[in-house]
Protein chains: 2
Amino acid sequence: MSEQQQPPRRVTLKDVARLAGVSHQTVSRAINDKGEIDPDTRRRVLDAARELNYRPSRFARGLVRPGATTLGLIVSDVVNPFFPELIAGVIEAAEAKGWQVLISSTQNHQSREPEVIRTLAAQVDVLIGYLSEPDATLAGATEGVPLVVLGRPVHEPAFGGVVVDAAAGVRAAVAHLVASGHRAIGMIDCPTAAGGVPDRRPAFLAAMAEHGLTVADDAIIGGSPTVEDGEARFTLLRAARPDITAVFTFNDLLALGAYRAARRLGVSVPGDCAIVGFDGLPIGELIDPPLTSVAIDKRRMGAVAVAEAARLLAGEPAGRVTLPVELVVRGSA
Amino acid sequence: MSEQQQPPRRVTLKDVARLAGVSHQTVSRAINDKGEIDPDTRRRVLDAARELNYRPSRFARGLVRPGATTLGLIVSDVVNPFFPELIAGVIEAAEAKGWQVLISSTQNHQSREPEVIRTLAAQVDVLIGYLSEPDATLAGATEGVPLVVLGRPVHEPAFGGVVVDAAAGVRAAVAHLVASGHRAIGMIDCPTAAGGVPDRRPAFLAAMAEHGLTVADDAIIGGSPTVEDGEARFTLLRAARPDITAVFTFNDLLALGAYRAARRLGVSVPGDCAIVGFDGLPIGELIDPPLTSVAIDKRRMGAVAVAEAARLLAGEPAGRVTLPVELVVRGSA
DNA sequence: TTGTACGCGTTATCAG
DNA sequence: CTGATAACGCGTACAA
């Protein structure tokens with residue numbers, strides 16, 4: 001039941017042919033439903049194929065048949081609501097070019113990236129990925145397949161890159177908070193965010209400084225980018241710094257967790273404490289109050305990545321794109 | 001810029017070899033970083049490859065190298081929060097078998113299913129899909145690749161099938177509502193749900209009848225399974241039947257929309273109107289009040305589907321599995 | 001270190 | 001209607 005599918009040898013057309021007492025050619029005809037074949041022969045061949053549990057080799061087929069361009073997309077976690085829209089953007093853009101899309105996930109196991117890249121690289125013509133491993137490590141796994149890296153700076157000259165102007169987003173969030181009268185602003189950061197996204201602490205400090213505000217060390221607290229951690233960190237932050245009237249989180253998932261904690265603590269949002277997230281997830285609109293967030297146009301990011309992939313495929317030099325972000329003010333701040 | 005990537009002819013190893021003035025063999029060595037090659041030759045070959053924009057053929061490679069089993073998963077919409085957990089379940093189970101997973105999406109275009117199946121079938125050993133098209137249509141597209149159909153009854157003998165015991169879920173939801181004192185219960189159904197999921201109206205009527213309750217026609221309203229429709233339908237339902245004290249929705253997305261409408265209408269949940277969803281999406285826990293829902297164990301569904309896929313691959317007869325569901329009572333009812 | 005010959009499993013062509 | 005035979009592009013002996 002848990003055999004590792006270790007095929008001693010593949011069942012091929014010829015095996016079926018032998019059993020059916022025909023040529024491998026005839027088998028091919030039967031399998032592919034070509035017309036020019038005797039119904040009886042056809043049946044006999046199909047029976048033999050079933051008996052042998054024959055499956056056509058996709059590689060041999062692909063070798064002979066001309067195939068469309070296929071793009072491979074690697075994300076770090078399918079359950080993270082950040083990715084679906086990105087994926088949708090990639091699919092839409094790829095479809096417009098007549099390309100096919102294959103998606104793969106590392107399920108938050110960063111160390112598995114090389115392996116995932118390698119296997120996917122064997123199936124596609126070009127790769128796009130939200131990857132954390134160092135460029136050099138990735139380069140060793142692509143096997144010559146072009147790669148566009150998302151969400152973090154790239155250095156490898158051969159890689160395309162698409163990032164987001166996070167600093168501008170942080171600045172906008174802080175400016176909004178300050179304009180609303182907040183002075184004591186805390187932050188839940190994420191030093192080890194999946195996807196290799198650099199933390200936003202420096203940008204936050206700089207933005208605050210622009211308004212003449214300094215931030216105490218205990219007003220910034222780190223966590224992993226999950227709802228659970230958001231809940232825990234907000235609770236901690238609240239306990240350590242009751243004077244804080246607004247919290248800026250590394251992403252919306254953390255903000256969602258903060259909501260939960262606030263509800264549990266009896267802290268009203270935004271009355272007692274304003275909250276600003278980052279990412280602009282669709283969920284933000286569904287909660288009460290709707291979440292104010294620095295939104296990333298994830299669909300566009302996907303589309304831009306596909307465009308970069310096309311460049312690479314065309315043999316043009318790799319491009320580096322920085323996407324703007326937009327502060328979407330809703331109810332939470 | 002929008003070339004349909006119509007390769008006049010593929011650049012092959014031999015082309016590179018010709019340009020570099022070596023045998024195609026030497027090129028292979030250079031590309032694959034084999035040791036036994038003169039650094040100078042290597043460089044020359046690599047340059048030639050870059051100049052020609054050479055890419056190895058994944059098919060030719062796969063043909064020669066032994067590859068792992070690859071499973072293709074087709075969903076109807078990556079943005080629908082129902083799927084991520086299912087995908088995660090499939091990935092986990094497949095990984096445990098040493099299989100690789102490729103995901104593809106029809107993006108809610110049911111008519112595109114055959115095409116997606118066909119292209120994915122060319123890349124994988126076995127397929128799992130949330131598919132709406134009739135069995136016969138699907139069968140015409142699989143090209144001999146085994147298929148496990150999710151979420152709806154299957155008839156094609158060759159297909160594996162995994163469904164959920166929706167009727168039991170509806171019964172549990174209604175029983176809970178009735179036990180809480182509700183008598184006038186409305187429903188937002190979804191006759192055309194993506195994924196070919198049959199509507200739950202009959203099950204709802206039957207469940208109500210078990211408690212001696214009848215349902216007027218205008219207490220059941222249909223929509224598409226989206227937040228937007230949930231909002232609109234709830235508003236309509238409320239207007240048509242102000243006496244209704246509880247609403248059961250086809251899925252959680254509709255319930256989320258109902259929340260929104262309720263908030264806008266000043267209807268308190270569950271005070272003025274209780275709400276019960278279906279699917280048990282993670283989002284349900286994040287909203288206020290937390291959503292009571294008939295939960296589907298989507299990860300398990302994925303795992304079971306993989307097991308069915310393994311059966312098919314082993315040549316065993318196709319299996320049909322029905323998964324239980326569980327009413328998770330939270331705050332909304 | 002480099003080149004030659006062969007096979008991987010399939011489909012297409014062309015005879016029979 | 002059926003069967004040889006030749007590709008498809010690449011990697012792996014083995015020979016040079």
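Treat the numbers as computed from the prediction; the structure is a model and nothing was measured. A note on names: the letters A, B, ... follow the listed sequences, proteins ahead of strands, and every chain is numbered from 1.
- At whole-Å resolution of the value, CG in A/Leu13 and P in D/dA7 are 19 Å apart.
- Side chains of B/Val164 and B/Asp297 form no contact here, defined as non-hydrogen atoms less than 4.5 Å apart.
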Identify the pairs formed between an N or O of the protein and an N or O of nucleotides 3-7 of chain C at a distance under 3.5 Å, and give each distance.
{"residue": "C/dG3", "atom": "OP2", "partner": "B/Ser23", "partner atom": "N", "Å": "2.9"}
{"residue": "C/dG3", "atom": "OP2", "partner": "B/Ser23", "partner atom": "OG", "Å": "3.4"}
{"residue": "C/dG3", "atom": "OP2", "partner": "B/Thr26", "partner atom": "OG1", "Å": "2.6"}
{"residue": "C/dG3", "atom": "O6", "partner": "B/Arg29", "partner atom": "NH2", "Å": "2.8"}
{"residue": "C/dT4", "atom": "O4", "partner": "B/Gln25", "partner atom": "NE2", "Å": "3.3"}

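- With respect to the salt-bridge test (charged N to carboxylate O, under 4.0 angstrom), the residues B/Asp40 and B/Arg43 do not qualify.
- With sequence neighbours excluded, the residues satisfying side-chain hydrogen bond (donor to acceptor under 3.5 Å, both in side chains) with B/Glu92 are B/Arg299.
- Using a 4.0 Å heavy-atom cutoff across all strands shown, A/Ile37 reaches sugar-phosphate atoms only and no base atom.
- If you take CD1 of A/Ile31 and P of C/dT10, they are 9 Å apart, rounded to a whole angstrom.
- Remark: the backbone N or O of B/Asn108 is not paired with any side-chain donor or acceptor of B/Asp77 at under 3.5 angstrom.
- No side-chain donor-acceptor contact under 3.5 Å links B/Arg42 and B/Thr26.
- When the side-chain nitrogen and oxygen atoms of A/Thr41 are compared with OP1 and OP2 of D/dC1, none of them lie within a distance under 4.0 Å.
- Side-chain atoms of A/Arg44 come within 3.5 Å of backbone atoms of A/Ala20 as a donor-acceptor pair (strictly under, hydrogens ignored).
- As a whole-Å value, the separation of B/Leu63 CG from C/dC8 C1' is 4 Å.
- B/Arg29 and B/Thr41 share no side-chain donor-acceptor pair at under 3.5 Å.
- Regarding A/Arg43, its CZ atom lies at a distance of 20 Å from the C1' atom of D/dT2, rounded to whole Å.
- Looking only at distances, a side-chain donor or acceptor of B/Arg152 sits under 3.5 Å from a matching main-chain atom of B/Leu131.
- Contacts between residues 46-61 of chain A and DNA chain C, defined by a heavy-atom separation below 4.0 Å, involve A/Tyr54, A/Arg55, A/Pro56, A/Ser57, A/Ala60, A/Arg61, listed by number.
- Atom CG of A/Asp33 and atom C1' of D/dC1 are 16 Å apart (whole Å).
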